[in-house]
Student: 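Handing you this structure, nothing more for now.
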Amino acid sequence: MFLRVYTQGMNARRDHSAFDQRVDRYDALIDWPRRLGNETNFYRNWFERADVRRVLDAACGTGRHASMFHEWGLEVEGADVSPGMIAHCRQVHGEPAGLRWVERPYTRPTDPPASFDAVLCVGNSLALTEESPGVETALRAMIDSLRPGGVCIVQVLNLWRLPDGPTQWRKCVRVPLAGGDHVLLKSIRRVGERAFIDFVDIELTPDGGMTRETESDSFIGLRADDLRAAAEAAGAGDISFFGNYQQQAYDPATCPDLILVCRNKPA
């Protein structure tokens, strides 16, 4: 059994030992050129508004966002609680000048504080926190890591668009991995205030057979009011919400994402 989390990064509460061994499966589930192409203008817009030069990706996962920002000429730190993710980032992206990888949960602020112009926590990572105090702790750590006037961007899945009950299969990818032929499937099911994710890895064997491994996990549903309260408690202001990376106004009934953008208040 493996792959306990399928989102962009991991938080402090998860047992990541099995996940560390399956980073390639995680990466193969995401169409990265399409995803980054969809998000690029959003980040450029907010980085320009906040005059961003230094960026913290607080749940960097496999490092795709952090590497992209570094290619833009920014100084970037990618952090993740998973040692396997950080090892993967160093192996794939290297550590050239201006790009650094750190093993650290997003609930822990940087040392020293106020070190960054922008902090990101995307890929639904914040929803892996078990309860509201954890969300507040994480957002406070992110805001504390920002200079006055810096921008914080948090993205989670808009759970409230999903029907309550039925399973929806979201991904089906056939890829060569570790010398084998694999079919990866991922589903999501909302049950009230939580969502449950099921992952299936089918390895097709040369003799026409197959082996199968499965895993399940869950995350909490976060509402705009939850994030606003946590951001305000952390000292943030200029709070906005969007329903996608095209900056559509957030509508819980229709939007795929819940994206929080806020600023650390000036000193």
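Only this structure's heavy atoms are used, side chains among them; waters, hydrogens and symmetry mates stay out. Counting begins at 1 with the first residue of the sequence. Since the structure is predicted, the reported quantities are computational estimates derived from the model, not experimental observations.
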Student: Using the six-membered ring wherever Trp is involved, compare the ring planes of Phe47 and Phe69 and label them parallel, tilted or perpendicular (cut-offs 30° and 60°).
Tutor: perpendicular
Student: Do Leu177 and Val173 share a hydrophobic cluster, counting only Ile, Leu, Val, Met, Phe, Trp and Tyr and linking them when any side-chain heavy atoms are less than 4.5 Å apart?
Tutor: yes
Student: Considering all heavy atoms of both residues, which atom of Trp46 and which atom of Ile153 are nearest to each other, and what is their separation?
Tutor: CB-CD1, 4.2 Å
Student: Check for me whether the distance between the ring centres of Phe219 and Phe196 falls short of 6.0 Å.
Tutor: no
Student: Charged N to carboxylate O below 4.0 Å: is that the case for Arg100 and Glu95?
Tutor: no
Student: Looking only at heavy atoms, what is the nearest atom pair of Val183 and Cys172, with distance?
Tutor: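 Here Val183 and Cys172 meet closest at CG1-SG, 4.2 Å.
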Student: Backbone N or O of Gly192 within a donor-acceptor pair of the Arg190 side chain at under 3.5 Å?
Tutor: yes
Student: Tell me whether the count of non-hydrogen atoms from other residues, nucleotides or ligands lying under 6.0 Å of CZ in Arg170 goes above 12.
Tutor: yes
Student: I'd like to check Ser145 versus Pro113 (side-chain heavy atoms, cut-off strictly below 4.5 Å). Are they in contact?
Tutor: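 Not in contact.
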Student: Any non-hydrogen side-chain atom of Asp225 less than 4.5 Å from a side-chain atom of Phe241?
Tutor: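 No, side chains not in contact.
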Student: Is there a continuous path of hydrophobic side-chain contacts, each under 4.5 Å between heavy atoms, that joins Leu36 to Val92?
Tutor: no
Student: Going through the distances and angles, do Arg228 and Asp226 end up as a salt bridge (Lys or Arg N to Asp or Glu O under 4.0 Å)?
Tutor: CA-CA 6 Å; Arg228 180 181 297 278; Asp226 301 327; over 6 Å; no
Student: Carefully, step by step, assess Tyr43 and Glu48 under the rule side-chain contact (heavy atoms from CB on, under 4.5 Å).
Tutor: CA-CA 8 Å; Tyr43 295 127; Glu48 289 174 5; over 6 Å; no
Student: With rounding to the nearest 0.5 angstrom, report the CD1 to CG distance, Ile143 to Leu146.
Tutor: 5.5 Å
Student: Going through the checks in order, is the salt bridge (Lys or Arg N to Asp or Glu O under 4.0 Å) test met by Glu193 and Arg223?
Tutor: CA-CA 10 Å; Glu193 303 286 306; Arg223 303 180 189 275; 3.1 Å; yes
Student: Can Trp32 and Asp27 be counted as having a side-chain donor-acceptor contact under 3.5 angstrom?
Tutor: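 A donor-acceptor contact under 3.5 Å links the two side chains.
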Student: Pick out which of Val151, Asp117, Leu120 makes a side-chain contact (heavy atoms from CB on, under 4.5 Å) with Val55.
Tutor: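 Between Val55 and the candidates, side-chain contact (heavy atoms from CB on, under 4.5 Å) is satisfied uniquely by Leu120.
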Student: Under 4.5 Å between any side-chain heavy atoms of Gln168 and Leu162, yes or no?
Tutor: yes
Student: For Gln91, I'd like to know if atom CD has over 12 heavy atoms of other residues, nucleotides or ligands within 6.0 Å.
Tutor: no
Student: Can a donor-acceptor pair be found between the side chains of Gln246 and Asn38 at a distance below 3.5 Å?
Tutor: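 Present: a donor and an acceptor within the cut-off.
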Student: If the threshold is 4.0 Å, N to carboxylate O, is there a salt bridge linking Arg25 and Asp201?
Tutor: yes
Student: If you define the side chain from C-beta out and look only at heavy atoms, does anything of Thr107 sit under 4.5 Å from Val81?
Tutor: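 The answer is no, as the side chains (C-beta and beyond) never meet within the 4.5 Å cut-off.
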Student: Are the side chains of Phe199 and Leu29 in touch, meaning some heavy atoms are under 4.5 Å apart?
Tutor: yes
Student: Quick check: do Val76 and Trp72 have side-chain heavy atoms less than 4.5 Å from each other?
Tutor: no
Student: Within the side chain of Asp198, is there an N or O that forms a donor-acceptor pair under 3.5 Å with the backbone of Ser187?
Tutor: no
Student: Examine distances only and state if a side-chain atom of Asp251 and a backbone atom of Cys255 form a donor-acceptor pair shorter than 3.5 Å.
Tutor: no
Student: Which is it for Glu77 and Trp101 under the side-chain contact (heavy atoms from CB on, under 4.5 Å) test, yes or no, and what are the steps along the way?
Tutor: CA-CA 6 Å; Glu77 178 176 292; Trp101 307 105; over 6 Å; no
Student: How far apart are the C-alpha atoms of Arg35 and His65, what are their side-chain angles, what is the distance that settles it, and do they pass the side-chain contact (heavy atoms from CB on, under 4.5 Å) test?
Tutor: CA-CA 10 Å; Arg35 174 173 172 175; His65 288 90; 3.5 Å; yes
Student: Would you sort out whether Thr40 and Met68 count as a side-chain contact (heavy atoms from CB on, under 4.5 Å), showing the intermediate values?
Tutor: CA-CA 9 Å; Thr40 291; Met68 178 178 73; 3.8 Å; yes
Student: Could you pull out the closest heavy-atom pair between His93 and Arg64, with the gap in Å?
Tutor: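 Heavy-atom minimum between the residues: NE2-N, 4.1 Å.
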Student: What is the minimum heavy-atom distance between Arg49 and Arg263, and which atoms define it?
Tutor: O-NH2, 4.0 Å
Student: How close do Ala138 and Leu126 get, counting heavy atoms only, and between which atoms?
Tutor: CB-CD1, 3.6 Å
Student: Would you compute the distance between atom OG1 of Thr211 and atom CD1 of Ile202 and round it to the nearest 0.5 angstrom?
Tutor: 9.0 Å
Student: Could you tell me the separation between the CZ atom of Arg174 and the CG atom of Leu184, rounded to the nearest 0.5 Å?
Tutor: 11.5 Å
Student: Enter the distance from Leu222:CG to Asn158:CG here, rounded to the nearest 0.5 Å.
Tutor: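 It comes to 10.5 Å.
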Student: Kindly indicate whether the side chain of Leu157, heavy atoms from C-beta on, has any atom under 4.5 Å from the side chain of Leu258.
Tutor: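 Leu157 does not reach Leu258 side chain to side chain.
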Student: Heavy-atom distance under 4.5 Å between the side chains of Met85 and Cys60, does that happen here?
Tutor: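 In short, these two side chains do not touch, never coming nearer than 4.5 Å.
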Student: Cut-off 3.5 Å, side chains only: do Tyr106 and Thr129 have a donor facing an acceptor?
Tutor: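 Their side chains do contain a donor-acceptor pair, which is all the 3.5 Å distance test asks for.
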Student: Quick one: CG on Leu128 to OG on Ser218, what's the gap to the nearest 0.5 Å?
Tutor: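 Between atom CG of Leu128 and atom OG of Ser218 there are 8.5 Å.
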Student: Main chain of Gly61, side chain of Asp80: is a donor-acceptor contact present, judged purely on distance under 3.5 Å?
Tutor: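 Yes, Asp80 side chain to Gly61 backbone: donor-acceptor pair under 3.5 Å.
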Student: Between Pro148 and Pro266, which heavy-atom pair has the shortest distance, and what is it?
Tutor: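 Residues Pro148 and Pro266, closest heavy atoms: CB-CA, 3.8 Å.
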Student: Between Thr205 and Asp207, do the side chains contain an N or O donor and an N or O acceptor separated by less than 3.5 Å?
Tutor: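 Yes, Asp207 and Thr205 have a side-chain donor paired with an acceptor closer than 3.5 Å.
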Student: Which value, rounded to the nearest 0.5 Å, describes the distance between Leu204 atom CG and His182 atom NE2?
Tutor: 8.5 Å
